[in-house]
Each structure stands twice: as structure tokens, then as C-alpha cells.
Amino acid sequence: MTFRVPRPISPQVHRNFDLIALPATFGLAYRMRHRNTTLATVVLINALIEGATQLTTDYTEGVRPRGSHRWISLRDHLRITALTGSYIAGLAATLEGLRPHDRRFLLATAVSAPLLAMLTQADPPGLMHTG
């Protein structure tokens, strides 16, 4: 018997969430720059990585607009998100000069993106993944 995680978030909803979260993350890094530059830098790095993957991800799996430069599949986007979350969690645990509140914030940031990735449907419609 295998345990299957329900994946209620469609690729389109994931894309819409990315479209909202990216400018919010840049704005957050901008607002934090005076309070804690180390924290602001880590948030900015996260925003840059997520922005690059967002701009290059083919969310519709094969239906590309003319002139589109989207060459990363949604599955690869979700894998990069998981790796980015691990990277941010590692930075939260090892960076010096962060207050406990800032560490908790970075850990929450590190967990939220892979959690969204885990709940997103990455398989094309009609394909049942049993792995």
C-alpha cells in the first residue's frame, strides 16, 4: 500500500500564486534592507531564484505562446523550489548575526515554498503518476 499526497493545486493556480508572491518578496527584501541587511540579502536571493524559475517555466505543459522562452517543465520548477527551500533553511541555520525572530522567519519562508510545490499537480492531464 502506498501513501499518496493529495495534490489539490493546479499548475495555473501555482502560476497565479507565483505572480503574486514574486513582487511581494522583492518588496519585502526592500523593506528589510534597513532593519537587517543579512536577512534582506537572503530574501532577495530567494526572490531572484524564484523569479528566474518563474520566467522560464512552462506551466501549461506544451502550449507555449509564440516567442516564449519557457524551457523548464513544471516538474523541474517544483524541484528547484524544493532545493531553494533547503538552501534557505541551511542559511537560516548557519548565518551569523540573525536574531531568533529572523531565523524563524527564514525557516518559515524555507518551508512554505516546498509545501506549495508538494501540493501542486505536476503531471500532465490524464497521466496518473504512481511513483
Side-chain angles (χ1 to χ4, degrees):
M1 186 163 129
T2 61
F3 177 74
R4 293 188 46 121
V5 175
R7 298 181 184 266
I9 300 173
S10 71
Q12 292 79 18
V13 171
H14 186 102
R15 181 192 62 222
N16 291 340
F17 182 81
D18 282 349
L19 288 173
I20 294 168
L22 183 63
T25 308
F26 277 115
L28 185 63
Y30 180 76
R31 289 201 63 200
M32 289 181 170
R33 75 189 190 285
H34 292 300
R35 191 178 116 200
N36 188 335
T37 56
T38 304
L39 180 64
T41 302
V42 173
V43 172
L44 182 61
I45 290 169
N46 184 28
L48 291 172
I49 294 170
E50 286 298 318
T53 58
Q54 179 183 346
L55 291 173
T56 57
T57 298
D58 182 15
Y59 290 94
T60 56
E61 294 296 329
V63 182
R64 296 184 188 167
R66 187 174 174 91
S68 175
H69 301 291
R70 303 194 183 253
W71 60 83
I72 296 176
S73 69
L74 179 62
R75 186 175 299 272
D76 291 338
H77 173 92
L78 300 177
R79 289 178 181 149
I80 292 169
T81 299
L83 288 173
T84 304
S86 302
Y87 172 70
I88 299 297
L91 286 176
T94 59
L95 279 176
E96 296 179 9
L98 289 178
R99 295 180 292 185
H101 174 73
D102 295 337
R103 286 190 198 283
R104 287 191 299 269
F105 172 78
L106 280 180
L107 287 173
T109 302
V111 169
S112 63
L115 182 63
L116 177 68
M118 184 180 78
L119 296 174
T120 301
Q121 302 166 4
D123 297 324
L127 178 67
M128 206 52 165
H129 183 66
T130 57

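None of the values given here were measured: they were computed from a predicted structure. For the numbers below, each heavy atom of this structure counts, side chains included, while hydrogens, waters and symmetry mates do not.
- A distance of 10.5 Å separates CG of D58 from CZ of R15, quoted to the nearest 0.5 Å.
- Across every non-hydrogen atom of Q121 and P11, the tightest pair is O-CG, 3.4 Å.
- With sequence neighbours excluded, no residue forms a side-chain contact (heavy atoms from CB on, under 4.5 Å) with P114.
- Taking R79 as the reference, D76 meet the salt bridge (charged side-chain N to carboxylate O under 4.0 Å, His left out) condition, with sequence neighbours excluded.
- For the side-chain contact (heavy atoms from CB on, under 4.5 Å) test, residues two or more places apart in sequence or in another chain that qualify with V13 are I9, S10.
- With rounding to the nearest 0.5 Å, the separation of OG1 in T120 from NE2 in H14 is 5.0 Å.
- Nearest heavy-atom pair across M32 and V43 is SD-CG2, 4.2 Å.
- Within 6.0 Å of CZ on R31 lie no more than 12 heavy atoms contributed by other residues, nucleotides or ligands.
- Put simply, CD1 on I45 and CG on L91 are 7.0 Å apart, with the number rounded to the nearest 0.5 Å.
- L116 and V111 are assigned to two separate hydrophobic clusters, defined by single-linkage of ILVMFWY side chains at heavy-atom distances under 4.5 Å.
- Summarising the geometry, atom CG belonging to L107 is positioned 8.5 Å from atom CZ belonging to R103; distances are rounded to the nearest 0.5 Å.
- By the 6.0 Å and 45° rule, R33 stacks over the aromatic ring of Y30.
- Distance check, rounded to the nearest 0.5 Å: CG of L95 to CD1 of I88 gives 9.0 Å.
- Taking all atoms of both residues into account, the shortest heavy-atom contact from A110 to A89 is CB-N, 3.6 Å.
- Scanning both residues, L74 and A122, for their nearest heavy atoms gives CD2-CA, 4.2 Å.
- In the hydrophobic cluster analysis, where Ile, Leu, Val, Met, Phe, Trp and Tyr join through side-chain heavy atoms closer than 4.5 angstrom, Y87 is grouped apart from L83.
- Apart from L48 itself, the hydrophobic cluster it occupies contains L22, F26, L44, where clustering links Ile, Leu, Val, Met, Phe, Trp and Tyr at side-chain heavy-atom distances under 4.5 Å.
- Closest heavy-atom contact between T109 and S112: O-OG, 3.1 Å.
- Evaluation of the side-chain contact (heavy atoms from CB on, under 4.5 Å) rule for E50 yields N46, T53, H77, T81, T84 as partners, not counting sequence neighbours.
- W71 and I49 fall within a single hydrophobic cluster, where Ile, Leu, Val, Met, Phe, Trp and Tyr are joined by side-chain heavy atoms under 4.5 Å apart, directly or via other members.
- Legend: residues meeting salt bridge (charged side-chain N to carboxylate O under 4.0 Å, His left out) with R99, ordered by chain and number and at least two apart, are D102.
- To the nearest 0.5 Å, the span separating CG on L98 from CZ on F105 amounts to 11.0 Å.
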Practice problem: Apply the test side chain to side chain contact (heavy atoms under 4.5 Å, CB included) to residues L19 and Q54: give CA-CA distance (whole Å), side-chain angles for both, the deciding distance (0.1 Å), then the verdict. | Solution: CA-CA 8 Å; L19 288 173; Q54 179 183 346; 2.9 Å; yes
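- For the residue pair T25 and A21, the shortest heavy atom distance occurs at OG1-O, 2.7 Å.
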